[in-house]
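Shown next, in C-alpha cells, is the structure this report addresses.
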Amino acid sequence: MSEDLARLIADRHIVVCTGPGGVGKTTISAALAVRAADLGRKTIVCTIDPAKRLAQSLGLSELGNTPREVAKSAYGKGRQPKAALWAMMLDMKRTFDDLIVDMASPDLAKRILSNPFYEHISSTLAGTQEYMAMEKLYELHEEGRWELIIIDTPPSRSALDFLDAPRKITDFLEGRFLRVLLWPYMKAGKGTLRVFNYGAQAFFRAATKITGSELLSDVATFFQMFQGMFGTFKARAERVRELLGTQRTAFIVVASPETESLKEARYFVQRLGREQMPLGGVIVNRTHAVEPIEELDAIKATGDPLLTAAAELYNDWRTASQREDEAVAKALADLPGTSVWRVPDLVDDVHDVAALRTLADALLGPIA
Amino acid sequence: MHPSLTSSRVAIVSGKGGVGKTTIAAALAKAAAAQGKRVLLLEVEGRNSLAPLFGIPSLGYPEHVVAPNLSAESVVPDEALVEYLYMFYGIKRIGKALAHTKATEFATNIAPGLRDILLIGKVKEAERRRVREAYAFDLVVLDAPPTGRLPRFLDAPRAVADLVRAGPIRTQAHGVLDMITDPARSAVVLVTLPEEMPVQETVESIATLRRMGVAVGPVVVNRVAAEPFTKTVERSLISDARKAIARAMEKAGVAAPAATLERLAAVAAASARRTRNQRAVMTELEADIDRPMISVPALLSPTVGPAEVDFLASVLSDSGAIS
Ligand SMILES: Nc1ncnc2c1ncn2[C@@H]1O[C@H](COP(=O)(O)OP(=O)(O)OP(=O)(O)O)[C@@H](O)[C@H]1O
Ligand SMILES: Nc1ncnc2c1ncn2[C@@H]1O[C@H](COP(=O)(O)OP(=O)(O)O)[C@@H](O)[C@H]1O
Ligand SMILES: [Mg+2]
Ligand SMILES: [Mg+2]
C-alpha cells in the first residue's frame, strides 16, 4: 500500500534509506525528500556519493558536508515546493574531524588530527563511513531546523555494516586487546601487565617484526590521546542508536528485483527486527510490471517485422516480470507485516527534480 | 586494437559494485582454462561469491580444483598471514595461535594496508609460483575489490613501503609493486554496465589507474540488452509507440483491444529508449577511453550458475579476447 509510505513521509522525523549498493538508495532518498517538501514539510536529504548529474541539479557539487537549500532554479519549469527543501552531501573525513574538534580541547584536537594513524582511522577504517552517516544524522537532528531528515547510507559490502558500525568502531577505539598489545609503548602508569595470553604475546612479536616499531608507537600515541574521549564517543554512539530506535524514525530498505539483492533486503529486514529498529518497509526499485496479453500469438504470427519483434520482446519482458514477482515473493512474502512497495524502471536516468517528482509519483501516486 | 583479456599474467577484474565483476572473472578464468591455460581464480573479499558459480557450496582454503585446468580459492587475510609467517619465518605455532585470536583483525586495522598487502601478496606468490622450472599458473584471475576501493588496494604496497622502513614486509611490498606496475605481469580488466553511472566511474578509474602506473586492459560492458528493432523502428517507437504499432497492426490486418495496444506500446517504447540510451552511453565510453570494449549480453535466466558462466565464457572466447 502506498498509503503506508505516504504516512511515513508525512509523520516521521527521520527516514533512513538503506540497502545494497547501486539499487537506487540515493535516488529514492532524494525523491522522497522532494515529495515531503512538496507536501509542506521542511525537509533535508543527506546524500552519500550521489550521481554527478543528480548532485549538480540539487546544487550539491560545490560544497560538501554543509546543508544548503535547493535553489529555486533547480525546479525548472516545475512548481516550487510548499516547504523548503535542503540537501547536503556527506563528507565522512570532515565529519570525523569536526567531531574530534568538538570533543577535545583545541590543543589535543590539533595533535589528534595530525597523527598519521588518525588519517587512516578517519578515512579507511571499516565502518567509519557508516558511523559518520549516523553522526551527521544526529547533528542534523540536534540542529532542530527540519521536520523531516532523510538519510542515505553508503553502499555497504554487507547490509549489516550500517547497524554494526558504532559497535565496531567503539570496540576498536576502546581496543582493550590493542592496549594489551601496545603496552610497551604506553606510558607505564598502571603497573605492569601480568595477565598476558599466549596469542597476544605471539601477536605482539609478529606485529613488531612485520610492521616495524615506529608504526606501533604512532598507534600507541593515538590511543593515549584518544583515551579520555572514549567515553564521550561511546555515549554519542549510544544516543544515535536510541534516536534510531524510536517510532519517530523509519528504516526503508531499498532493493532491486533480483534474487541476490532481495536476499540481502530480507536479511536486513530481519536484522532490523532483531535490533528492534523501526522498519518502514521495503522498496523494490526498477521493476518491470508486465501484464499478460491474450492476442500475443496472433500478433506475432502476422509476420510483420515490427509486430513480431514487439511480440517476442513482450514475451521476454513478461517472463522477466513474472520472475521478479517470484523473487520478491520468495524473499519477502513470509516476513510478517512488512510493507513492500514497487517502483518501475523509468529507463531514463533520474537526475533532476522533474525526474525525482516522476519517481515520487510512481511510488506514491500523484499529489492530490 | 585487438582486445586481449589475457595479455598479462594476472587479470585484476574490477568495476563498480554489482556490475558483474565476479561473474566476468569466473567466465574469463573458465574460458582461458578451456583453451588449455593453467588458471588460478582468486577472490579476496571473503564473500564466498565464486563457489555458487561453480556449483559448490564454498571455496575452501587452500586452492580447490573447480574445473579442468582451473583452481580457485577465497583468500582470507588470516590464512594469508599464517602462510606468510610460515614462509618467511617458519613460525607455524605463532601462525596457528594468531588464527585463533582476533589478532589479524586488529593488525589489519592498525596497519594501513597490511590486510591488502597480505591479500595481494598472495596473488603475487601465485603469479611467481614455480613447479620445477615452469610457472605453476599461466594466468591468475583476481576478483578484485570494487573500483572505489581498488586504488587503495593496489596502492597498499606503496603505502606500506613508505611506512615501514625495513624488514621483510618492505621487501614484500616492493615485490608486489613490481608486479602491479609491470604490464606484462598484470593489468586491470574493468567491468561496467551500459548505464551512465558505472560508465562514468569506469572513465574516472582508468585515469586513476594510469596515474598509478597500472596497466588497463579491455573494458567489458556487461549486461548489454539485445536490440530488437532497427534504428528506424526504434526512433518511431520513441516518438509515438502507440501510433507505430497501431499502424503496423492495421497493415497486417490484426485487431486488438486498446488495452493490448497500450501494453505492447509501453514495453516497445521502454525497450527502444533503453537500447538508444545504451548505445549513447557506449559511444560516449568509447570516445572517452582508448581501450577496446567487449560486449557481454544480458542473460534472461533468473540465476547465474555454472551453465550461464560457461555460456559467458564462450562469449568471451568468441570475441577473440582470450588467447
Ligand atoms: N551478463 C549477465 N546477465 C545476467 N545477469 C548477470 C550478468 N552478469 C552478472 N549478472 C548478475 O548480476 C548480479 C551481480 O553480479 P556479480 O555478483 O558478478 O557482480 P559483482 O560486480 O561481483 O558484485 P559485487 O560488487 O557485489 O561483488 C548477479 O546476480 C549476477 O548473477
Ligand atoms: N526507478 C528508476 N528508474 C530508472 N533509473 C533509476 C531508478 N532508480 C535509480 N535509477 C538510476 O540508477 C542509478 C543508481 O542509483 P543510485 O540512487 O545512485 O543508487 P545507490 O544510491 O543505491 O548506489 C542512477 O543512475 C539512477 O539514476
Ligand atoms: Mg548512493
Ligand atoms: Mg563480486
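Here is the naming used below: chain letters follow the sequence lines, and residue numbers restart at 1 for every chain.
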_Looking at chain A, which one of B/V233, B/T230, B/L264 has the largest number of heavy-atom pairs inside 4.5 Å, strictly under?_
B/L264
*Please determine if A/K263 and A/E258 form a salt bridge, counting it only when a charged side-chain N lies under 4.0 Å from a carboxylate O.*
no
*Sidechain-backbone polar pair: A/E264 side chain, A/S261 backbone, donor-acceptor under 3.5 Å*: no
*asked:* With a 4.5 angstrom heavy-atom cut-off, is it the side chain or the backbone of A/D348 that approaches chain B, or both, or neither?
replied: both
*Go through the atoms of A/L306 and report whether side chain, backbone, both or neither lie under 4.5 Å from a heavy atom of chain B.*
both
*Under 4.0 Å between a Lys/Arg side-chain N and an Asp/Glu carboxylate O for A/R286 and B/E195?*
yes
*What option among B/P257, B/A272, B/S236, B/G18 has the most heavy-atom pairs under 4.5 Å with chain A?*
B/P257
*Side chain, backbone, both or neither: which part of A/R53 has a non-hydrogen atom closer than 4.5 Å to chain B?*
side chain
*asked:* Looking at A/K93, I'd like to know if its NZ atom is crowded, meaning that more than 12 non-hydrogen atoms belonging to other residues, nucleotides or ligands lie closer than 6.0 Å.
replied: yes
_Less than 4.5 Å to any heavy atom of chain B: does that hold for the side chain of A/P344, its backbone, both, or neither?_
neither
*Quick one: what part of B/E201 sits under 4.5 Å from any heavy atom of chain A, side chain, backbone, both or neither?*
neither
_Atom group of B/T232 that falls short of 4.5 Å from chain A, counting heavy atoms_ = neither
*Among A/D304, A/L296, A/V290, single out the residue with the greatest number of heavy-atom pairs under 4.5 Å to chain B.*
A/D304
*Against chain A, work out which of B/P146, B/A268, B/A248 has the most heavy-atom pairs shorter than 4.5 Å and name it.*
B/A248
*Of the backbone (N, CA, C, O) and the side chain (C-beta and beyond), which part of A/A310 lies under 4.5 Å from a heavy atom of chain B, both, or neither?*
both
*Most chain A-contacting option - heavy-atom pairs closer than 4.5 Å, from B/R276, B/M197, B/R274, B/R273*: B/R273
*asked:* Between A/Y131 and A/F96 (judged by ring centroids, cut-off 6.0 Å), do the two rings come close enough to count as a pair?
replied: no
*Is the closest basic N to carboxylate O distance between B/R158 and B/D155 below 4.0 Å?*
yes
*Looking only at atom types and distance, does a side-chain atom of B/S49 sit under 3.5 Å from a main-chain N or O of B/T22, one as donor and one as acceptor?*
no
*asked:* Has A/T319 got a side-chain atom pairing as donor or acceptor with A/N315's backbone, closer than 3.5 angstrom?
replied: yes
*Donor-acceptor contact below 3.5 Å, side chain A/N285 vs main chain A/A255*: no
*Using non-hydrogen atoms and a 4.5 Å limit, figure out which bit of B/E234 sits close to chain A: side chain, backbone, both or neither.*
neither
